[in-house]
Amino acid sequence: MASKIDNMFAASRFVLPEQRELYLQVKEDEKLVPMPVIEQDELENFHYTIRDSGREDYAITVTWWRQVKGNLGSNCSMWGIVKWVDQQGRRIKLVNDTDVQWINMDCIIDVRA
């Protein structure tokens, strides 16, 4: 059985736009997660795959954590080919057919070939 807070709109016919917006914001905030801790050997494997994608020109899927509120954020994912590794800025340029994304290397949580 759903609680009244979970089913706020079914209990009343009239809801102010501000109430609806706040309710939707709370539901979005519940989806946020803290940044996962990545082990050193996983990081080395990620960096090897990233360098290899740039060198051999094949597509990979990169998942990274994006900060939204304080220590909480969401996970984003994109596939593409690594076209540039910026060593000073610690970021990579991932390119696919429709999008170009600069990704901070410190926020990468998964790389799949």
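Below, all heavy atoms of this structure are taken into account, side chains as well, without hydrogens, waters or symmetry copies.
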Completion exercise
side-chain contact (heavy atoms from CB on, under 4.5 Å) test vs Val111 passes for just one of Thr61, Ile50, Val82, namely Ile50
Where do [X] and [Y] come nearest, in terms of heavy atoms and distance?
{"X": "Met35", "Y": "Cys107", "value": "CE-CA, 3.7 Å"}
{"X": "Val15", "Y": "Arg20", "value": "CG1-N, 3.9 Å"}
{"X": "Asn104", "Y": "Arg90", "value": "OD1-O, 3.1 Å"}
{"X": "Ile109", "Y": "Pro36", "value": "CG2-CG, 3.6 Å"}
{"X": "Phe46", "Y": "Asp110", "value": "CZ-CA, 3.6 Å"}
{"X": "Leu72", "Y": "Trp65", "value": "C-CZ2, 3.5 Å"}

Handout entry: Derivation of the side-chain contact (heavy atoms from CB on, under 4.5 Å) call for Met105 and His47
Key = CA-CA 9 Å; Met105 291 178 71; His47 292 186; 3.8 Å; yes
Practice task
Start with the C-alpha distance between Lys69 and Asp29, add both sets of side-chain angles, then the distance that settles salt bridge (Lys or Arg N to Asp or Glu O under 4.0 Å), and finish with yes or no.
Solution key: CA-CA 9 Å; Lys69 282 187 173 180; Asp29 288 349; 2.8 Å; yes
Completion exercise
Taken to the nearest 0.5 Å, the spacing of Trp102 CH2 from Arg91 CZ works out to 4.5 Å
Quick check on the hydrophobic clustering: are [X] and [Y] connected, directly or via other members, by side-chain heavy-atom contacts under 4.5 Å?
{"X": "Ile103", "Y": "Val95", "result": "no"}
{"X": "Ile92", "Y": "Tyr48", "result": "no"}
{"X": "Ile60", "Y": "Val85", "result": "yes"}
{"X": "Val33", "Y": "Ile38", "result": "yes"}
{"X": "Leu32", "Y": "Leu22", "result": "no"}

Exercise for the section: Please say whether more than 12 non-hydrogen atoms of neighbouring residues, nucleotides or ligands are located less than 6.0 Å from CG in Asn71. Expected result: no
Exercise for the section: Answer yes or no: does atom CD of Glu21 have more than 12 heavy-atom neighbours from other residues, nucleotides or ligands under 6.0 Å? Expected result: no
Practice task
Go through the steps to decide whether Asp106 and Trp64 satisfy the test side-chain contact (heavy atoms from CB on, under 4.5 Å), and finish with yes or no.
Solution key: CA-CA 9 Å; Asp106 298 328; Trp64 69 96; over 6 Å; no
Exercise for the section: Please lay out, stage by stage, how Trp79 and Leu94 fare under the test side-chain contact (heavy atoms from CB on, under 4.5 Å). Expected result: CA-CA 8 Å; Trp79 69 272; Leu94 194 64; over 6 Å; no
Problem - Working for side-chain contact (heavy atoms from CB on, under 4.5 Å), residues Thr49 and Glu44 - result: CA-CA 9 Å; Thr49 306; Glu44 291 171 4; over 6 Å; no
Handout entry: Side-chain (Ser53) to main-chain (Ile81) donor-acceptor, under 3.5 angstrom
Key = no
Handout entry: Side-chain donor/acceptor of Glu42 to backbone N/O of Asn45, under 3.5 Å
Key = no
Practice task
State, with a plain yes or no, whether a side-chain heavy atom of Asp99 is found less than 4.5 Å away from one of Met78.
Solution key: yes
Problem - Close side-chain approach of Ile108 and Val62, heavy atoms under 4.5 Å - result: yes
